[in-house]
Chemist: 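Pasting a structure below so you can have a look.
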Amino acid sequence: MSLQIRVRKKLRYFEIDLDFSCPDDHLLVMIGPSGGGKTTLIRMVAGLETPDAGRIAYRGETWFDSERRVDLPPQKRRLGYVFQEYTLFPHLSLYENAAFAAADRAEVDDLFARFGIDHLRGRKPHQVSGGERQRCALCQALARRPRLLLLDEPFSALDVVTRRCLREAVKGLREGLSCPILYVTHDINEALFLADEMVPIVEGRIDRGWMQRTIAPIPDSEEAPLRATRQPRLALVY
Amino acid sequence: MRSKQDTDINSVDWQPFYVTLKLAVATTGLLIVLAAPLAYFLAYARFPGKSLIEALVNLPLALPPTVIGFYLVVFMGPKGAAGRVWEAVTGGSLLFTFLGIVVASTLYSLPFAVQPLKAAFQRIDRRLMESAYVLGLSRVATFLRVIIPNSASGIAAAAILVFLHCMGAFGVLLMVGGSLPGETKVASIAIYEAVEAMKYREAGLMSLCFIPISYAFLLLVNRLNRGA
């Protein structure tokens, strides 16, 4: 297993207590209701928050170990992180943003072409749409040649059509990317579409039963084998 | 009866204005460079006793200028720590020199730079900083490449406030620098001396120069603060 996570952290209303791992080349979706500790977990993996106890290791390298008092700063973890909200630097153009920490500028050109934002390279973040900003954020994260890609509800603020396009783009990303991807969402459709593996997180703990409580099989349909018990069926059918 | 010297605008000695301008530019430049890291530290660092340091930085706001001037004279004088070091290095005195009033003015105006800079840095979305850290930037690089460029209007507002405060400084400068023409005699001291000498028209002309400059700069500060 390339990424091993065992963390505990006391939050205001509950305690995060998680132990799981993610193999290489896997897209692991952390799913669950909002406010369940998913973002805090991904921030701990990034080194932006410190667990109370536990260990986070990646391909044999310890990033955090409370017993050995190891806590590698985010700068040294070499991650790609796309935040839930837009976090492009407002004083830079989209191209400058993507090239900000790029290993090779030629890769930024390729990524811009691949994500269809080549014509926007000179624009500032406030001059483009939310979808274009998040495409650029993906380019920024990938141009760093990350060892691990963290995507924290990257498309939650976008409209349905744009979100669907970007989901496809993320799925396409998998080819040629050898690092694991941790993807946070509370959207079951998104999770089903993208995941190699799902970790349902409810109030800081893995709750396998949450998926079964939230979705149920539809025996008479092959196209849409799952339906949400709390959502209209149409929301699941693409 | 007014003398010709008292009524002719050409007879007004404008040299103190040049000294004032030089002092304000030097102090503003120096303070922005020195106060920016201090303000960044105070904006984001958490440590015990932080409020004590913040109060110390703001002390010049609460103390009478003569009190600050007195301690600076002691500190920069031949028996003071800074005065002794300065004399050992250069062989000269720090008091009654242009450099001396730059140092005094810098300390006196410190809160006028730190407070607006701190407010400007705190307005920056913390997620931008986190994004920079994840992209591999150190705290110093984040400060220079992310915080500073996104605080331009706050920095400009701080610079203007310091500049205006320096133009109006009087008590501290008089105590530390005296009134040496061309060296430490600034416009506010020249006005005071003109009044003492009952040259009211000369004092009036010099005073009048301050009003449009200060007013225009304050309007600019308001505009910058609205835009931030």
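All chains are named by letter (A, B, ...) in the order of the sequence lines, taking the proteins before the strands, and each is independently numbered beginning at 1.
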Chemist: On a heavy-atom basis, which atom in A/V82 and which in A/P154 lie closest, and how many Å separate them?
Modeler: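 Looking at all heavy atoms of both residues, the shortest contact is CG1-CB, 3.8 Å.
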
Chemist: Could you measure the distance from the CD1 atom of A/I5 to the OG atom of A/S21? Nearest 0.5 Å is fine.
Modeler: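 OG of A/S21 is found 8.5 Å from CD1 of A/I5.
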
Chemist: What part of A/L88 gets within 4.5 angstrom of chain B, counting heavy atoms only: side chain, backbone, both, or neither?
Modeler: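 Backbone of A/L88 only, per the 4.5 Å heavy-atom cut-off to chain B.
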
Chemist: Please classify the contact between A/F89 and chain B as side chain, backbone, both or neither, with a heavy-atom cut-off of under 4.5 Å.
Modeler: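 Contact with chain B involves both backbone and side-chain atoms of A/F89.
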
Chemist: Classify the ring geometry between B/W14 and B/F17 as parallel (under 30°), tilted (30 to 60°) or perpendicular (over 60°).
Modeler: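 B/W14 vs B/F17 ring planes: tilted.
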
Chemist: Which residues pass the ring pair (Phe, Tyr, Trp, His ring centres under 6.0 Å) test with B/F98, sequence neighbours left out?
Modeler: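 Residues passing ring pair (Phe, Tyr, Trp, His ring centres under 6.0 Å) with B/F98: none at all.
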
Chemist: Quick one: do the B/Q122 and B/Y44 side chains pair a donor with an acceptor below 3.5 Å?
Modeler: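 Judged by distance alone, the side chains do not pair up.
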
Chemist: Counting heavy-atom pairs closer than 4.5 Å to chain B, which one of A/A46, A/P90, A/G47, A/P73 comes out on top?
Modeler: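 Result: the option with the highest number of such pairs is A/P90.
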
Chemist: Between A/D65 (side chain) and A/V70 (backbone), is there a donor-acceptor pair under 3.5 Å?
Modeler: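 Not a single qualifying donor-acceptor pair exists.
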
Chemist: Determine whether the side chains of A/D159 and A/T162 contain a donor N or O and an acceptor N or O closer than 3.5 Å.
Modeler: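 Yes, A/T162 and A/D159 have a side-chain donor paired with an acceptor closer than 3.5 Å.
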
Chemist: Would A/R77 and A/E61 pass as an ion pair if we require N to O under 4.0 Å?
Modeler: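 Result for this pair is no, no salt bridge flagged.
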
Chemist: Answer yes when A/R205 and A/D17 have at least one side-chain N-carboxylate O distance shorter than 4.0 Å, and no when they do not.
Modeler: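 Salt bridge present between A/R205 and A/D17.
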
Chemist: Suppose the criterion is side-chain hydrogen bond (donor to acceptor under 3.5 Å, both in side chains): which pairs have a residue in residues 15-34 of chain B, not counting sequence neighbours?
Modeler: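 Those involving residues 15-34 of chain B are B/T27-B/S105.
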
Chemist: Suppose a student defines contact as a heavy atom less than 4.5 Å from any heavy atom of chain A. Which residues in residues 126-150 of chain B would they list?
Modeler: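 Residues B/R127, B/L128, B/E130, B/S131, B/A132, B/Y133, B/V134, B/L135, B/G136, B/L137, B/S138, B/R139, B/R145, B/V146, B/P149, B/N150 are the ones that qualify, each having a heavy atom under 4.5 Å from chain A.
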
Chemist: Which residues in residues 99-109 of chain A have a heavy atom less than 4.5 Å from any heavy atom of chain B?
Modeler: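 Residues of residues 99-109 of chain A touching chain B at under 4.5 Å: A/F100, A/A101.
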
Chemist: Among side-chain atoms of A/S93 and A/R123, is any donor-acceptor pair under 3.5 angstrom?
Modeler: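 Side chains of A/S93 and A/R123: no pair found under 3.5 Å.
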
Chemist: Would you mind checking which part of A/R78 comes under 4.5 Å of any heavy atom in chain B, side chain (CB onward), backbone (N, CA, C, O), both or neither?
Modeler: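 Contact with chain B involves no heavy atom of A/R78 at all.
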
